[in-house]
Each structure stands twice: as C-alpha cells, then as structure tokens.
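Below: one structure, written as structure tokens.
As the structure lists them, so they are numbered: ligands from 1, and atoms in each ligand from 1.
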Amino acid sequence: MNMKISHFLVAAAALLVCNSGAYPDSAHKAQHFTRSDQLHSSYDYIIVGGGTSGLTVADRLTESGKYSVLVIEYGYFSDIPGEPYDPVNPINTAPPSLMYNITSVGAVKQFVGVGCVVGGGSAINTQVWMRGTSEDYDRWAAVGAQHSTWNWDGILPYFKKSCTFYPPDPQLAAEFEITYDIEKAWGGTGPIFASYAHYQYPATKVMYDGWKVIPGIEYPKDGSEGKAGIFWVPSSEDPRTETRSYARTAHYDRVQNRTNYSIVTGYKVIKINFSQKHGDITATSVKITARNDNSSVGTITARKEIILAAGTIHTPQILQLSGIGPKSVLKAARIPLVLDLPGVGSNLQDHSWFAMGYDLQTPILPNRQSLTSNKTFADWALDLWKTNLTGPYSIVGGGGALAQVSLPVIAPEMFSSIASEIEAQDPASSLPDSEDPTVVAGYHAQLKVMAAAARSNNTAWMQMGLGGNPFGSADQWGFNIHPLSRGTVHLDPTNPDGEPLVDYRMLSNPIDLRVAIGLFKGLRTYFKSQGEMKKLSPVETKPGANVTSDADIGAFLAATLNPSEYHPVGTCPKMPLAMGGVVDEELTVHGVQRLSIVDASIMPLTVGATTQSTVYAIAEKAADLIKREFAKV
Ligand SMILES: Cc1cc2nc3c(=O)[nH]c(=O)nc-3n(C[C@H](O)[C@H](O)[C@H](O)COP(=O)(O)OP(=O)(O)OC[C@H]3O[C@@H](n4cnc5c(N)ncnc54)[C@H](O)[C@@H]3O)c2cc1C
Ligand SMILES: *[C@@H]1O[C@H](CO)[C@@H](O)[C@H](O)[C@H]1NC(C)=O
Ligand SMILES: *[C@@H]1O[C@H](CO)[C@@H](O)[C@H](O)[C@H]1NC(C)=O
Ligand SMILES: *[C@@H]1O[C@H](CO)[C@@H](O)[C@H](O)[C@H]1NC(C)=O
Ligand SMILES: *[C@@H]1O[C@H](CO)[C@@H](O)[C@H](O)[C@H]1NC(C)=O
Ligand SMILES: *[C@@H]1O[C@H](CO)[C@@H](O)[C@H](O)[C@H]1NC(C)=O
Ligand SMILES: *[C@@H]1O[C@H](CO)[C@@H](O)[C@H](O)[C@H]1NC(C)=O
Ligand SMILES: *[C@@H]1O[C@H](CO)[C@@H](O)[C@H](O)[C@H]1NC(C)=O
Ligand SMILES: *[C@@H]1O[C@H](CO)[C@@H](O)[C@H](O)[C@H]1NC(C)=O
Ligand SMILES: *[C@@H]1O[C@H](CO)[C@@H](O)[C@H](O)[C@H]1NC(C)=O
C-alpha cells in the first residue's frame with residue numbers, strides 16, 4: 001500500500017528496513033526482551049505502549065533507581081529513515097512497515113496514521129515542534145475539575161522541561177526574521193532537541209511577509225510563548241548530528257544503563273486484569289500476546305500501577321477489551337462489563353484540511369526545484385551537507401514558518417455569526433444517536449468555551465505551512481485546527497481483537513463546514529493580497545476563480561476535506577465523570593485504582609498545533625503526578 005501523507009511541511013523519506021533483532025542483553029544495559037518467558041512476573045510499573053508518551057514516562061520513573069518499570073511495545077526497535085530527506089518531493093512516504101494498517105469507517109474512508117515502532121509517532125512524524133496558544137490549555141482547565149492545574153501556567157514548565165532549545169544561526173535569523181524568546185518559551189535542558197534548519201529558501205520569506213497586509217495579523221516574537229500569528233518553528237532534530245530527536249533516542253537510548261528499565265517488543269497488551277473487592281476495582285495485571293506467535297502469551301503483574309500509553313486509537317480499545325467502556329459497545333462485542341464508562345472512545349478529534357491549487361507564476365530562485373534543475377546549486381547543497389551538515393538538506397519536515405491565524409482575523413465577516421451558532425447549538429444534535437447524557441454534557445461545556453474561542457484573537461483556528469510549496473503549480477493546504485465534530489473509536493463487534501473501528505464523523509457538526517468556508521475565503525484573500533504575495537503572481541487553479549458563492553465553496557470543501565493530519569486526540573478525555581470524562585485531574589481512570597493514562601487520548605480538546613510536543617509535556621507532568629502519588633504510600 002502506498003500511503004500518501006499530504007502534510008504541510010513535508011519531506012520524502014525512504015522506506016526502511018525493519019530491524020527486529022534483539023539488543024544484546026547485558027547487565028549494564030536496560031533490558032530489552034523479545035520473549036515473554038524472559039520477563040519477571042511483576043514490576044513496580046507496567047507501561048502499555050513504548051511510543052512518545054510511554055518512553056517519556058518510563059525514563060522519568062526509572063530516574064531515581066527506586067522503581068522497576070516494564071514497557072510493553074507491539075512494534076520493534078527499527079532504523080528510521082534518516083537525513084538527507086528529499087526536499088524536492090513534497091510527499092512524505094511514511095514507512096508502512098512501521099505503522100498500523102487502519103482505515104476509518106463511516107462517511108470518509110481515510111488511512112489512520114499511527115506509528116508501530118519503539119518511539120511510536122515520534123519515530124515517524126514530520127518533526128514540527130510547536131505548542132498551541134495559551135488559551136488552548138486554559139480551556140483544558142475550564143472543562144476540568146475545579147482548581148485544575150492543566151492550564152497554560154500549569155503545563156508551561158513541562159514544555160520547558162521536555163527539551164533543549166538551540167537558537168537559529170544568527171545570520172539566517174536576521175535575514176529571515178526568525179525570532180525567539182528563550183525566557184518566555186524555553187530554557188529547559190530536557191533530552192529532546194529543538195533546532196532550526198541552517199538554510200531557508202527566499203520564497204518562504206515572501207510567503208511569511210505576505211501576511212503583513214492582512215488586518216489584525218500579529219508576528220509574535222516566539223510562537224511557543226502561547227501566541228497566535230505568523231512565526232518560525234523549530235523541528236525535533238538533534239543539531240549535533242542533524243538526525244531525528246525522538247522518544248527512543250531521548251528517553252530510551254540515552255538511559256540504557258538503568259537496569260530497572262525493561263522493554264519487551266513485539267508484544268501486545270490485549271487485556272487488563274482487575275481485582276474487585278468491596279466495590280473497588282483495582283488494576284492488577286496485563287495479559288500479553290506475541291505479534292508473530294499468538295500462542296506465546298503471558299500475564300505480568302504491576303506492584304504499583306498500570307500506565308496506558310498506547311495512543312488515541314489503542315488506549316480506548318484496550319480499556320474496552322478489558323470491560324471498561326460504554327456498555328452498549330461492550331455488549332455488541334460480547335465483552336463482560338467491569339465498569340460502564342461511557343466516555344471511553346468518544347470525543348475523537350483530529351485536524352482536518354483542504355487543498356487549494358495555486359500556480360505561483362514567478363519563481364523566486366533558488367527554490368527546492370533547483371536541487372534537481374540546477375546542477376551548480378545541487379552540487380553546492382550536497383557538498384555543504386556532506387562536509388558541514390548545513391545547507392538546504394538540513395531542512396527537515398518541520399523546519400519552516402507557519403501561519404497560525406485566529407477566526408476573527410482569517411474570517412472577519414463570519415466569525416461572529418459562527419460563534420453565535422456554536423452557542424445556540426443543541427449539543428446532542430451532532431453527537432451519535434442516543435449518546436450518554438454525561439458525554440453530551442461534556443460536549444456542551446466544550447461548545448461553550450469554543451464559542452468564546454471563535455471570538456478570540458489568541459486561539460489559532462487556521463494553520464498553514466509557509467515553506468511547503470512556494471514554487472510552481474502546487475497544492476496549498478489550509479487546516480481547521482479546532483474542529484467541532486467528534487468521532488468515535490469502538491471495538492469492532494465482529495472482530496474485537498482486530499483493529500478498532502475509527503469513525504472521524506467529519507462534518508457531523510455542520511458548523512465545521514461553515515468554518516472551512518471562512519478559512520478558505522481567508523486564504524484566498526491572502527493569495528490575492530497586494531503586499532509581498534504579488535511577487536509570486538499566484539493564480540488559483542483549484543477550485544478556480546469561478547467558485548465564489550458560499551454554496552459553491554462549501555460543495556468543493558465537502559467533497560474534498562480530509563479528516564486527519566495524523567493528530568488524533570481526545571478518546572479518553574481528562575474531564576469530570578459527570579461530563580463524560582475518562583480520567584481525573586491526576587490522570588487516573590475514573591472509578592478504577594492503579595490505572596492511569598498518559599498519552600494523547602487524555603486531551604479534552606485538541607490544541608491548535610501539531611501534537612507531539614504537547615504529548616511530551618503531558619507525559620512529563622504525568623510522571624510527576626505518578627511519582628508524587630506513590631511517594632506518599
Ligand atoms: C505520520 C505522522 C506525522 C506526524 N507529524 C507530526 C509533526 O510533524 N509534529 C507533531 O508535533 N506531531 C506530529 N504527529 C503527531 C505525533 O507524532 C503524535 O501526536 C504523538 O506521537 C502521539 O504520541 P502517543 O504517545 O499518544 O502515541 P504513540 O506515539 O503512537 O505511541 C503509542 C505506542 O503504543 C503502541 N501500542 C499500541 N497498542 C498497543 C498494545 N495493545 N500493546 C502494546 N503496545 C501498543 C504503539 O505501537 C505505539 O508505539 C504526526 C504523527 C504521524 C503518525
Ligand atoms: C530496582 O528497583 C527495585 C524496586 O523494585 C529497587 O529496590 C532497586 O534498588 C532498583 N535497582 C536499581 C539498580 O535501580
Ligand atoms: C502494516 O502493513 C505493512 C505492510 O504494508 C506491514 O509491514 C506492517 O507490519 C503492518 N503493520 C502492522 C501493525 O501489522
Ligand atoms: C481581533 O482582530 C480583529 C481583526 O483585526 C480586530 O478588529 C479586533 O479588534 C481584535 N480584537 C481584539 C480583542 O484584539
Ligand atoms: C553508561 O554506560 C556506558 C558504557 O556502557 C558508560 O560509558 C557510561 O559512563 C555510563 N553512564 C552512566 C551514567 O553510568
Ligand atoms: C485476574 O484477577 C483475578 C482476581 O484477582 C485473579 O483471580 C485471576 O487469577 C487473575 N487472572 C490473571 C490471568 O492474572
Ligand atoms: C493464531 O495464529 C494462527 C496461525 O496464524 C491463526 O490460525 C489463529 O486464528 C490465530 N488465533 C488467534 C486467536 O488470533
Ligand atoms: C544555479 O545556481 C547557482 C548557485 O546558486 C546560481 O548562481 C545560478 O544563478 C543558478 N542558475 C540558474 C539558471 O538559476
Ligand atoms: C558550517 O557550520 C557551522 C555551524 O553551523 C557554520 O557556522 C559555518 O558557517 C558552516 N560552514 C560553511 C562553510 O557553511
Ligand atoms: C468552474 O469552472 C470549471 C471549469 O470550467 C467547471 O468545471 C466548474 O463546474 C465551474 N464551477 C462553478 C461553480 O461554476
């Protein structure tokens with residue numbers, strides 16, 4: 001299967017060879033196992049999923065040397081396609097061997113991109129390193145319990161802790177207005193590296209400056225200080241080696257000396273086992289089965305806690321397989337009910353996007369095509385890369401500028417009526433039929449804060465990459481980064497052990513189409529604007545200048561919108577139980593002891609940003625919560 005990942009800041013990656021061979025076990029190394037009979041029968045903590053969040057938490061819990069941790073990962077240790085990427089080809093072919101094979105159900109059939117490898121999504125993603133605005137996180141507290149610390153002030157320290165920031169080269173920074181604010185946004189020494197490319201193409205600056213004539217637009221000093229606007233973002237790239245910095249390198253390879261840090265690969269958790277005494281439900285052990293030998297099974301006990309980090313698609317599946325979820329879903333799949341928890345698998349959100357075609361008729365040279373069309377340039381670029389790890393080949397997926405624009409600025413004529421429509425909407429009308437009243441109540445609370453967001457200049461609602469295709473005839477992508485539609489992840493009643501049914505339910509809330517029309521018109525205004533954009537002489541080729549009425553634009557968008565930027569979140573939301581929540585403020589599953597969730601599924605509302613750095617911050621904060629909890633025991 002050839003998977004096209006139409007991502008906005010994209011790079012082409014070679015397919016790679018899957019290396020499932022075992023690491024040599026050694027007394028001085030973290031233990032890597034490939035067979036269940038090599039494992040102990042119990043560990044202090046069991047972490048389900050060795051992806052972005054799972055390895056981060058495993059690292060932090062083994063730091064003190066006081067606890068033993070076992071990570072269970074379905075994927076293998078595999079080499080990841082390295083640099084140089086092919087910056088000419090704007091299609092990133094993510095390695096199918098390192099991903100799950102899931103196609104969404106419902107109106108839109110879409111490949112569901114999820115990493116299956118040690119490192120999870122962070123091993124195969126496009127490396128954009130950014131945060132949402134402060135309001136994105138303040139809304140998490142607003143729909144949370146009283147005195148929630150899951151707001152901007154409560155998560156910023158963990159954003160800082162998670163990474164080490166490297167400023168851009170001074171000369172490049174001056175030329176391209178790459179500004180940053182170490183005090184407000186960075187300053188940590190965490191093991192993920194955030195760094196900038198050592199080169200940029202001149203047309204990216206034209207597209208960056210083009211926004212200056214759009215009324216209300218801002219250019220914050222650093223987008224990572226919680227602001228909307230136009231800015232440059234770093235990538236999760238180790239500047240010392242110009243290689244990917246990700247959960248495996250940062251939170252496993254770096255700390256391999258820890259004998260209490262164990263990982264078993266090629267195994268899947270298929271069930272959590274509970275003890276039930278006096279009405280208390282306590283998670284005790286997990287049942288695992290081997291990927292390539294389903295007769296190899298095992299049960300491993302957690303002395304302290306089981307931590308779910310299997311991601312937005314698989315964490316709700318594991319809960320449902322274990323008897324925790326909406327009772328109708330469990331009944332259909334013939335899973336014995338342990339606890340009716342209606343929110344499990346509800347509230348799925350992703351960023352949706354549309355493509356407009358533009359012919360940028362005045363090329364500004366050099367551009368990415370120069371790497372194939374101009375031998376002098378290409379030789380220079382390759383030489384710089386080989387001798388110095390700089391030049392055009394140091395541009396990886398996320399090394400560019402972004403437009404992160406609020407609804408009042410991108411859709412000045414529509415934002416106010418959109419906000420009123422959100423306020424007036426019956427929350428049950430766009431959720432699945434006979435949705436549980438608690439889930440409806442939670443969604444109602446979400447709509448209230450999103451109505452305010454629609455009127456705010458500091459919630460970015462539209463995302464556009466400015467370094468994506470600044471040449472020739474190309475697609476220009478606009479992303480709706482705050483969709484109101486909510487999807488589901490439920491067991492397949494005909495095959496509960498297979499992949500779950502992922503239904504994005506795109507446009508199930510009709511206001512999302514109105515928003516998309518607003519974003520589309522705003523982007524058209526930008527491309528037609530009379531500032532710097534004139535230098536590129538853009539001519540719209542798709543859908544074309546004759547498509548002007550809201551009805552015609554809406555028809556184009558309804559037919560072409562894509563539900564996913566590979567940023568699924570929200571299926572086990574951190575919200576109160578009475579609001580359809582699955583985890584509490586400590587990230588413990590409501591109604592269950594010694595079971596917590598630390599991955600992207602806990603976001604109650606998605607953030608207006610690519611999701612990885614938020615996942616790392618959640619995991620850093622989760623590790624502190626988990627450590628504090630058991631320090632008391
Ligand atoms: C192609 C792609 C491009 C992306 N681009 C960007 C980007 O440029 N910037 C950005 O910020 N974000 C990006 N993202 C999103 C980001 O990578 C994810 O949000 C993040 O990695 C999710 O982390 P997680 O810990 O929730 O889950 P994951 O990292 O997916 O980890 C879950 C792990 O659990 C394992 N697992 C699942 N089920 C089981 C089970 N039953 N038993 C054992 N193990 C199991 C999986 O194999 C996986 O390794 C991208 C994602 C993809 C897929
Ligand atoms: C490993 O963890 C145990 C607790 O399970 C602890 O007693 C021991 O000191 C740890 N050992 C090391 C080397 O970290
Ligand atoms: C998905 O399919 C590819 C083949 O295209 C395969 O290599 C990979 O192992 C599959 N992923 C999973 C999780 O089974
Ligand atoms: C938000 O931006 C719009 C459009 O530029 C402007 O009219 C409005 O005054 C701004 N609102 C605030 C609160 O800054
Ligand atoms: C980890 O082990 C390596 C060699 O195996 C050694 O060089 C290094 O100093 C060790 N680090 C720590 C922190 O013990
Ligand atoms: C599951 O838990 C119950 C109750 O503690 C116990 O009797 C049973 O043996 C456990 N099953 C497994 C497979 O560990
Ligand atoms: C286990 O694997 C065998 C052989 O691949 C297959 O026939 C069988 O259906 C599998 N069983 C389960 C429970 O998946
Ligand atoms: C090719 O690249 C070189 C070096 O960047 C540049 O000087 C030259 O003008 C380019 N030639 C063309 C035809 O663009
Ligand atoms: C090599 O890289 C260094 C560090 O990025 C930079 O300062 C220097 O200018 C580069 N040399 C060349 C010849 O580009
Ligand atoms: C716009 O023009 C194209 C090409 O002529 C045509 O296919 C399309 O139907 C037109 N759309 C509208 C809304 O008029």
Side-chain angles (χ1 to χ4, degrees), residues 3 5 7-11 13 47-57 71-76 92 94-95 98-100 111-131 233 235-236 246-248 264-271 286 288-289 291 308-315 317-318 321 350-351 363 365-367 369-370 373-381 396-398 465 499 542-549 551-553 555-556 564-569 597-603 607 609-616 618-619:
M3 284 167 291
I5 299 183
H7 208 272
F8 57 107
L9 291 163
V10 284
I47 298 178
V48 181
T52 313
S53 56
L55 294 181
T56 304
V57 172
V71 176
I72 301 162
E73 168 56 46
Y74 191 53
Y76 302 109
N92 177 14
L98 302 188
M99 297 177 91
Y100 290 88
F111 176 70
V112 181
V114 181
C116 183
V117 56
V118 175
S122 72
I124 55 154
N125 69 19
T126 318
Q127 295 177 261
V128 179
W129 189 258
M130 67 184 299
R131 300 166 197 166
V233 292
S235 318
S236 44
Y246 69 110
R248 175 185 162 181
V264 59
T265 54
Y267 272 83
K268 180 190 235 176
V269 170
I270 55 169
K271 192 173 182 292
V286 295
I288 61 172
T289 124
R291 183 164 172 177
L308 291 174
T312 298
I313 305 303
H314 294 105
T315 285
Q317 181 194 27
I318 295 165
L321 282 172
D350 202 330
H351 298 139
L365 296 172
N367 60 25
Q369 283 169 331
S370 307
S373 63
N374 180 337
K375 189 163 183 315
T376 317
F377 182 77
D379 287 349
W380 169 80
V396 294
E499 292 296 353
K542 185 171 73 183
N546 62 336
V547 179
T548 52
S549 67
D552 286 346
I553 294 169
F556 166 74
S564 172
E565 196 186 358
Y566 298 162
H567 297 155
V569 307
I597 306 179
V598 298
D599 58 33
S601 70
I602 68 111
M603 297 186 208
V607 292
T610 65
T611 42
Q612 70 165 339
S613 86
T614 296
V615 172
Y616 283 110
I618 289 170

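- The atoms of ligand 1 that sit less than 4.0 Å from any heavy atom of Tyr267 are 43 (C).
- Short contacts between ligand 1 and Tyr74, defined as distances under 4.0 Å to a heavy atom of the residue, involve ligand atoms 43 (C), 44 (N).
- Near Asp552, meaning under 4.0 Å from any of its heavy atoms, are these atoms of ligand 10: 13 (C).
- Selection from Asn125, Asp350, Val286, Ile72 by nearest heavy atom to atom 50 (C) of ligand 1 gives Asn125.
- The option from Arg248, His567, Glu73, Lys268 that lies nearest to atom 47 (O) of ligand 1, judged by heavy atoms, is Glu73.
- In summary, the atoms of ligand 1 found under 4.0 Å from a heavy atom of His314, numbered by their order in the structure, are 37 (C), 38 (N).
- Of all the heavy atoms of Gln612, the ones lying under 4.0 Å from any atom of ligand 1 are found in both the backbone and the side chain.
- The shortest contact between atom 8 (C) of ligand 8 and any protein heavy atom is with Asn374 ND2, 3.8 Å.
- Residues Ile270 and Ile288 form no side-chain contact, since every pair of their non-hydrogen atoms from C-beta on lies 4.5 Å or further apart.
- The heavy atom nearest to atom 2 (C) of ligand 1, out of those in Trp129, Tyr76, Tyr566, Tyr616, is found in Tyr566.
- At a 4.0 Å heavy-atom cut-off, ligand 1 touches Ala309 through the backbone alone.
- Nearest protein neighbour of atom 4 (C) of ligand 10, counting heavy atoms only, is Asn546 ND2, 4.6 Å.
- Ring to ring, Tyr566 and His351 are not that close: their centroids are 6.0 angstrom or more apart.
- Asp552 places no side-chain N or O within donor-acceptor distance of the main-chain N or O of Val547, the cut-off being under 3.5 Å.
- The closest approach between any non-hydrogen atom of Tyr100 and ligand 1 is below 4.0 Å.
- When each atom of ligand 1 is checked for a heavy atom of Ala600 under 4.0 Å away, the hits are 26 (O).
- Those atoms of ligand 1 with a heavy atom of Ser53 less than 4.0 angstrom away are 24 (P), 25 (O).
- With 3.5 Å as the limit, one finds a donor-acceptor pair spanning the side chains of Gln612 and Ser236.
- When only interatomic distances are considered, the shortest N/O to N/O separation between Val128 and ligand 1 falls below 3.5 Å.
- No donor-acceptor pair closer than 3.5 Å links the side chain of Tyr100 to the backbone N or O of Glu499.
- Closest of all the heavy-atom pairs between Ala247 and Tyr616 is N-OH, 3.1 Å.
- Heavy-atom minimum distance, Thr312 versus Val569: OG1-CA, 3.4 Å.
- Of the possible polar contacts, one joining the Glu73 side chain to the Gly75 backbone as a donor-acceptor pair under 3.5 Å is found.
- Side-chain contact, Ser53 with Asp599: no donor N or O sits under 3.5 Å from an acceptor N or O.
- Of the listed options Gly311, Pro95, Ala310, Ala310 places a heavy atom closest to atom 39 (C) of ligand 1.
- Within the 4.5 Å cutoff, the side chain of Tyr74 has heavy atoms near those of the Arg291 side chain.
- Annotation: atom 5 (O) of ligand 8 to nearest protein heavy atom, Phe377 CD1, 3.6 Å.
- Using a 4.0 Å cut-off to heavy atoms of Gly121, the atoms of ligand 1 that qualify are 17 (O), 21 (O), 28 (P), 29 (O), 30 (O).
- The closest donor-acceptor contact from the side chain of Ser613 to the backbone of Met130 lies under 3.5 Å.
- Considering only heavy atoms from C-beta on, His567 comes within 4.5 Å of Thr610 through its side chain.
- Listed by atom number, the atoms of ligand 1 under 4.0 Å from Val117 heavy atoms are 49 (O).
- Nearest-heavy-atom check against atom 40 (C) of ligand 1 across Val269, Val607, Ile288, Thr610 picks out Val269.
- Within a 4.0 Å radius of atom 14 (O) of ligand 8, the protein has at least one heavy atom.
- For ligand 1, the atoms sitting less than 4.0 Å from at least one non-hydrogen atom of Gly113 are 53 (C), numbered in the order shown with element in parentheses.
- No side-chain donor-acceptor contact under 3.5 Å links Ser122 to the backbone of Thr52.
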